[in-house]
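Here's the structure we're looking at; comments come further down.
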Amino acid sequence: MKVNVNETILRLVQGDITQQETTAIVNAANSGLLGGGGVDGAIHRAGGPQILKECKDIRARQGKCPTGEAVITTGGNLKADYVIHTVGPVWFGGTNNEEELLHNAYQNSLKLAQKKGIKSVSFPSISTGAYRFPIERAARIALSTVKEFININGGFEVVQFVLFSQGDLKQYENALQEVDSFN
Ligand code: APR
């Protein structure tokens, strides 16, 4: 499924984010930036040790990555040139500013991509795995944040969400219909 937002294609695909050919892919990292499971594990496995080396350099320079913030490294052995590592919120029931922090994670990832002149970006479904953020809400926040950013800033050719399962893809399709009908 895809929609046009100004000159940008915003689309949903099912697949493995490590296989995507966009200039950047986004990692659902943790604040420690030293790897993990899920998307984090898959990206480090597929991308190789250079990514972890640059993450360690970032840690040494500026410490842990706060929730909602993003940093950028090489894509290593990936088809993508860059990995943008962002830290989504852990879901604690919604009273811990989780929605704002998830919004920030998407917005700061796009800000970083724009700063680097990156024109195509792949996002996973941030926080909806180990961090247990309910996917219906996460998808609406993700798509409205990305759509708003592109509407205001433009500058991207493709921004896509790469959903691992058919079920996740369906959730994002429902959310995109909702978000796209508003404006
Ligand atoms: N490609 C695309 N999506 C994937 C892939 C993949 N290769 N692997 C997993 N996913 C999906 C999951 O199915 C889930 O829908 O990405 C979504 C996010 O799941 P997680 O990777 O668990 O990310 P998150 O919920 O943000 O938790 C982050 O988990 O792996 C650790 O180090 C990471 O501590 C951090 C936490």
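Both backbone and side-chain heavy atoms feed into the values below; hydrogens, waters and symmetry mates do not. We count ligands from 1, going down the list as the structure has it; atoms in each ligand are counted the same way. Counting begins at 1 with the first residue of the sequence. These figures come from a predicted structure and were not determined experimentally.
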Can you figure out which of [options] has its heavy atom closest to [atom]?
| atom | options | answer |
| --- | --- | --- |
| atom 22 (O) of ligand 1 | Ala130, Pro89, Gly38 | Ala130 |
| atom 36 (C) of ligand 1 | Phe161, Tyr131, Phe133 | Tyr131 |
| atom 30 (O) of ligand 1 | Ser165, Gly37, Ala138, Ser122 | Gly37 |

Provide the number and element of each atom of ligand 1 under 4.0 Å from a heavy atom of [X].
| X | result |
| --- | --- |
| Ala28 | 23 (O), 26 (O), 28 (C), 33 (C) |
| Gly35 | 32 (O) |
| Thr128 | 14 (C), 15 (O), 17 (C), 25 (O) |
| Asn30 | 32 (O), 33 (C), 34 (O), 35 (C) |
| Asp16 | 1 (N), 6 (C), 7 (N) |
| Asp40 | 30 (O), 32 (O), 33 (C) |

Inset, instruction - Between Asp168 and ligand 1, find which residue part has any heavy-atom pair under 4.0 Å and reply side chain, backbone, both or neither. - result: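 Under 4.0 Å from ligand 1, Asp168 contributes side-chain atoms alone.
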
Quick check against the 3.5 Å criterion: does [X] have a side-chain atom that pairs as donor or acceptor with the backbone of [Y]?
| X | Y | answer |
| --- | --- | --- |
| Glu99 | Gly94 | no |
| Asp180 | Leu176 | no |
| Asn30 | Leu33 | yes |
| Thr8 | Phe156 | yes |
| Thr22 | Ile25 | no |
| Glu7 | Gly155 | yes |

If you have a sec, work out which protein heavy atom is nearest [atom] and how many Å separate them, to one decimal?
| atom | value |
| --- | --- |
| atom 25 (O) of ligand 1 | Gly129 N, 2.8 Å |
| atom 13 (O) of ligand 1 | Phe164 CB, 3.9 Å |
| atom 21 (O) of ligand 1 | Val39 N, 2.8 Å |

Inset, instruction - Taking atom 6 (C) of ligand 1 as the reference point, report whether a protein heavy atom occurs under 4.0 Å from it. - result: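 So far as the 4.0 Å threshold goes, atom 6 (C) of ligand 1 is in reach of a protein heavy atom.
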
Inset, instruction - State, with a plain yes or no, whether a side-chain heavy atom of Ile135 is found less than 4.5 Å away from one of Ser125. - result: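 With C-beta onward as the side chain, the pair touches.
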
Legend entry - Residues Lys79 and Gln20: side-chain donor-acceptor under 3.5 angstrom: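 Side-chain D/A pair, Lys79 to Gln20: absent.
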
Legend entry - Gln50 atom CD: more than 12 heavy-atom contacts under 6.0 Å: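 Yes - once you tally the heavy atoms of other residues, nucleotides and ligands closer than 6.0 Å, there are more than 12.
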
Legend entry - Heavy atom of Ser125, distance to ligand 1 below 4.0 Å: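 Per 4.0 Å heavy-atom rule, Ser125 contacts ligand 1.
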
Legend entry - Whether Ser127 lies under 4.0 Å from ligand 1, heavy atom: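 Contact present.
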
Inset, instruction - Tell me whether Ile9 is reachable from Phe161 by hopping between hydrophobic residues (I, L, V, M, F, W, Y) whose side-chain heavy atoms are closer than 4.5 Å. - result: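 Unlinked, Phe161 and Ile9 end up in two clusters.
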
Legend entry - Heavy-atom pair with the smallest gap, counting every atom of Tyr172 and Leu143: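 Smallest interatomic distance, heavy atoms only, reads O-CD1, 3.5 Å.
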
Any N or O of [X] that comes nearer than 3.5 Å to an N or O of ligand 1?
| X | answer |
| --- | --- |
| Arg132 | no |
| Ile126 | no |
| Ile17 | yes |

Inset, instruction - Before accepting this row, confirm whether a basic side-chain N of the pair Asp57/Lys53 lies closer than 4.0 Å to the acidic partner's carboxylate O. - result: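 Here Asp57 pairs with Lys53 in a salt bridge, since their nearest N and O are under 4.0 Å apart.
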
